Amino acid sequence: MDIGDSPDEAAFRLEARTWLEQHAKRRDPSARHRPASTDAEQDAHAKACQDWQRVLYAGGWAGLTWPKQFGGRGGKPWQAAIFAEEQSKFDVSTGVFSVAHGMVAPTLMMHGDDRQRGHLDAMLRGDEVWAQLFSEPEAGSDLANLGTRAVLDGDQWVVNGQKVWTSGAQHSQYAILLARTDPDAPKHAGITYFIVDMRSPGIEVRPLRQITGVAHFNEVFLTDVRIPVENVVGEVNAGWKIAHTTLSNERALIGGSGGNAFTVPELIEMARRYHRTDDPVVRQGLAQAHIRAEILKYMGYGVRTSISRGVMPGPGASVMKLFFARHWAAVGSLAVAIEGAAGMLWGDSASDDGLWQQVFCQQYAIRIGGGTDEIQGNVIGERALGLPREPSLDRDLPWRETRGTKA
Ligand SMILES: Cc1cc2nc3c(=O)[nH]c(=O)nc-3n(C[C@H](O)[C@H](O)[C@H](O)COP(=O)(O)OP(=O)(O)OC[C@H]3O[C@@H](n4cnc5c(N)ncnc54)[C@H](O)[C@@H]3O)c2cc1C
C-alpha cells in the first residue's frame, strides 16, 4: 500500500498490482525507458500497445472510468489514477490509443449517435487506433481558420485539403476530421466534424521527422476522399462546438499524462548517481519538481472527475496543460544541467540511454501540441479570469472573404 491510501484505495491498489504481476513484466529499474527514437522502435511500440490493450480488455481493466453502457467499468477517477501509477511500474503502455481513448471517446459519448458510439468497443478492445485531423498549415492556434473543404455529393461528402502535425496517422485506422462545409458562413459557423476511415482512397500520409529522430506526426493529404453522410458527428456546420469537447479533453489528456516518460524519483536517482544532491541549486530544483508533480496529481484528479461525469473539463484543463508543460520543460532543463558536459551526448552515447536528452527536446512538442502555452494563457485569461476577449477582426466575416481568392 502507499502512504496516504484509504482502505478502499489500498484494496484497489493491491487488486491492480496483483493482476499486473500476473499479466505484465515489471520494469527493470536499471534499464532506461527513453521514448522510441527510430521508426522500427515506434512501430514495435504501437504493436506492443495494441497487444497490451487486448490483455487489459480481456482482464476487465479497459475503460476503467468509462460508463458501463459504453463497455467501461464505471469506476472512479481515483481508481484510474491508482491503476496508472501501478501500471507505470510495468513494461507496458497504451500510448498509441491516446487520441482514441482520451479525445475521441469522450467526444462520441457526448455527441455521437448509437452507430458512431459502436466504435467505442473497438477502441477498448485495442482494434482501432485513431488520429486527429484538425491542424493545417494555416490553421493551428487559429484552428477555426481551417480550409479543408467538404462538399456534399449525394449521400457522401467529398473532402479535399491538407492536414499537418497529425500524431500517429501512420498507425491509425480511423480519424476525427474537421472540414469546412460552408465557406460563406463566419469561420466558426461553417465547420463540420467527421469520422473518416484512414484506409479510404485519396488519403496520403507523409511522416515528418522531429529533432528526436522519430516521426511522431505526419502531413496528411486528402484528395477526393469520400465520407458517408452518417459519419457526420452532430449537425452539419455545427462542428466547432464538438471540436471544443475534443480540445478540452486533449488538454486534460496531455496535462494529466505526467510521469509517462519519466518520474521525479528517477530524476532524483540520476542526480545521486552524478553526486549532485549536495548542490543547493540542484536540491531546490528537485524539490520543486516533486512539488509540481504532486500538484499535477491532484489537478488530474479534479479534471478526470469532470470527464468521468460527462462534464467538459473547462479552463481547469488549460491550467493543468500549461502547468504540465512548464513542469516538463523545467525537468528537462534541470536533468541535462545535472549531467553537465555529459548532457550534450545523444542516444546510445548518453547516459540513461539518452532519456533526459529526449525529455529536454520534447519540451517543445509539449509546449505546442494541444494548444501552445500562449493559447492556454488566453483561455485561462478569458474563461477562468473573465478578462476581456482577445480582439478578432475576422470573427463575424464570411470565412471566404477572410481567405481572399484561396477559398
Ligand atoms: C507534438 C505535437 C503533436 C501534435 N499532434 C497533432 C494532432 O495529432 N492533430 C492535430 O490536428 N494537430 C496536432 N498538433 C498541432 C498543434 O495543435 C499545433 O501545432 C498548435 O495548435 C499550434 O499551431 P501552429 O503550429 O500552427 O502554430 P501557430 O498557431 O502558427 O503559432 C505560432 C506562435 O504564435 C503564437 N500565437 C498564435 N496565436 C496567438 C494568440 N492569439 N495569442 C498569443 N500567441 C499566439 C503561438 O503561441 C506560437 O508561439 C501537434 C503539435 C505537436 C507539437
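One-based numbering, in listed order, for ligands and for the atoms of each. Note that the coordinates shown come from a computational prediction; the quantities given were computed from them, not determined experimentally. We're numbering straight along the sequence, starting at 1.
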- prompt: If you measure only the distance, is there a donor-acceptor pair under 3.5 Å linking the side chains of Gln132 and Thr246?
  reply: no
Amino acids contacting ligand 1, non-hydrogen cut-off under 4.0 Å: Gln132, Phe134, Ser135, Gly140, Ser141, Trp165, Thr166, Ser167, Phe217, Ala365, Ile368, Gly369, Gly370, Thr372, Glu374, Ile375, Asn378, Glu390
- request: Indicate yes or no for a side-chain donor-acceptor contact from Arg27 to the backbone of Lys89 under 3.5 Å, with no hydrogens or angles considered.
  value: no
- request: Sequence neighbours left out, what pairs pass ring pair (Phe, Tyr, Trp, His ring centres under 6.0 Å) with at least one residue falling in residues 95-131?
  value: Trp66-His101, Phe97-His101, His119-Trp130, His119-Tyr174, Trp130-Tyr174
task: With rounding to the nearest 0.5 Å, note down the distance linking CD1 in Ile191 to CG in Asn145.
output: 8.5 Å
message: Which residues pass the side-chain hydrogen bond (donor to acceptor under 3.5 Å, both in side chains) test with Thr94, not counting sequence neighbours?
response: none
query: Which pairs pass ring pair (Phe, Tyr, Trp, His ring centres under 6.0 Å) with one or both residues in residues 215-252, sequence neighbours excluded?
result: Trp165-Phe217, His188-Trp240, Trp240-His244
